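In the text below, chain A, chain B and the rest are named by the order of the sequence lines, each starting its count at 1. Just so we're clear, the structure is a prediction, and the values are computed from it rather than from any experiment.
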Amino acid sequence: MVQARIESVLVRRPTLRTAFPPDFAARLEGRTVTAVARRAKYLLVSVASGDTLVMHLGMSGSVRIEPGADAGDSEADPHDHVVFALSNRRLVIFNDPRRFGLMDVVATVDLGNHPTIGGLGPEPLSAEFDGYALARACAGRKITLKAALMDQRIVAGLGNIYVSEALHVARLSPHRLASTIATPAGLPRASAHRLAAAIKLVLERAIARGASLTYRGSRFQVYDREGARCRRRGCGGIVRRRTQAGRSTFYCRECQR
DNA sequence: ATTGAGACCTGTCGGC
DNA sequence: TGCCGACAGGTCTCAA
């Protein structure tokens, strides 16, 4: 998309999780894309006029590319909600069956003030995210480790699957209080360093694998493996499932403390 | 400050 | 085979 001009924007369905801004298409049409980036789970497409297209895939969203000059050229899938026709004769098609996704246009300079994007915590794979940062954010917090890692303000971009996975790699119970990985002064205990490293490892491995959306059948250590044997060498525990805040958490009682 | 429940909406899967 | 309920990767808001 970078360097290409957005020739036209076809909105087939103007409501996902929230309604699109009324001037959505007008603010993008005729603009040249200057940068494509990602922050947490938000996709950011900046255009030369100083606006940024913000997209979120929700739970079931995807983007695909097709050749074509006109938005009407794309194959009609009932869940293709937005089609961007580019000057390089490619169509960028946003598809989201469940419509939990999000589509917005905001002034690029205001991204930092955006209610959710502005408050996002550090990117987990960045150098600024480490045991120190994690301990600082968790110090004194009376929430469980699971809730802490799901909180995008503490660390950005982890979801239900990789929270379970990271806690397993770090051998930490999802039910432990977040405050226990830090000293009262907010300095990291060994567990904080372990957890930060586990988060990075789990994400790097997932990305290297292609982080396929076809998560079923993947080789997760604990996620979606209730009743199965813990994969940790020499552990032999049984993976449990418990609901926390309405979401399934998978963990091994034997090796996660 | 923190938790829990419910809402958004559709598809898929397991059980009967 | 067909129907029906349970459940799903993510936010967001409201009540307690």
To the nearest Å, how far apart are A:L102 CG and B:dC8 P? 17 Å
Rounded to the nearest 0.5 Å, the OH atom of A:Y42 sits from the CG atom of A:L53 at a distance of 13.5 Å
Spacing of A:I117 atom CD1 relative to C:dG10 atom C1', expressed in whole Å: 14 Å
Nearest-Å distance, CE (A:M103) to P (B:dC9)? 16 Å
Value in whole Å for how far the C1' atom of C:dC12 lies from CG of A:D151: 13 Å
What contact category does A:T144 fall into here, base, sugar-phosphate, or nothing, at under 4.0 angstrom with non-hydrogen atoms? sugar-phosphate
Taking only the side-chain nitrogens and oxygens of A:R17, find out if one of them lies under 4.0 Å from OP1 or OP2 of C:dC12. yes
For the P atoms, the ones on B:dG6 and on C:dA6, what distance do you get once it is rounded to whole angstrom? 14 Å
Do the side-chain N or O atoms of A:Y42 get closer than 4.0 angstrom to the phosphate oxygens (OP1, OP2) of C:dG10? no
OP1 or OP2 of C:dA8 sitting under 4.0 Å from any side-chain N/O of A:R241? yes
Less than 4.0 angstrom from a charged side-chain N to a carboxylate O is my criterion; do A:E7 and A:R5 meet it? yes
May I ask you to decide whether A:R232 forms a salt bridge with A:E254, counting only side-chain N to carboxylate O separations under 4.0 Å? no
Give one of base, sugar-phosphate or nothing for A:S248, where a contact means two heavy atoms less than 4.0 Å apart. sugar-phosphate
Hey, does A:T116 reach any base, or is it just sugar-phosphate, or nothing, if we go heavy atoms under 4.0 Å? sugar-phosphate
Pair A:R64 + A:D80, salt bridge at N-O below 4.0 Å: yes
Considering all heavy atoms, the nearest A:L145-A:S173 contact: CD1-O, 3.8 Å
Within the structure, does a side-chain N or O atom of A:R247 lie under 4.0 Å from either OP1 or OP2 of C:dG10? yes
Starting at the 5' end of DNA chain C, which residue's closest nucleotide do you reach first, A:R98 or A:H114? A:R98
Among B:dG11, C:dG10, C:dG9, the one nearest any side-chain atom of A:P97 is B:dG11
Could you state the CG-C1' distance from A:L120 to C:dC12, rounded to the nearest angstrom? 14 Å
Once you round it to whole Å, what is the distance between P of C:dC12 and CD of A:Q152? 9 Å
Compare the minimum distances between each of C:dG10, B:dT2, C:dG9 and the side chain of A:I161, then state the nucleotide with the smallest one. C:dG9
Below 4.0 Å: OP1/OP2 of B:dT10 and any side-chain N or O of A:H79: no
Take atom CG of A:D224 and atom P of C:dG9, then tell me their distance rounded to the nearest Å. 9 Å
Lys/Arg N to Asp/Glu carboxylate O, A:R205 vs A:E165, below 4.0 Å: no
Scanning all shown strands, the Watson-Crick or wobble mate of B:dC13 with both distances under 3.5 Å is C:dG5
Could you pick out which residue, A:G246 or A:K142, lies toward the 5' side of DNA chain B when each is mapped onto its nearest nucleotide? A:K142
Taking atom P of C:dA6 as reference, at what distance in whole Å does atom CD of A:E226 sit? 16 Å
By nearest atom, which of the nucleotides B:dT2, B:dC8, C:dG9 is closest to the A:F100 side chain? B:dC8
Side chain of A:R99, base of B:dC9: donor and acceptor closer than 3.5 Å? no
In whole Å, what separates the P atom of C:dG10 from that of B:dA1? 26 Å
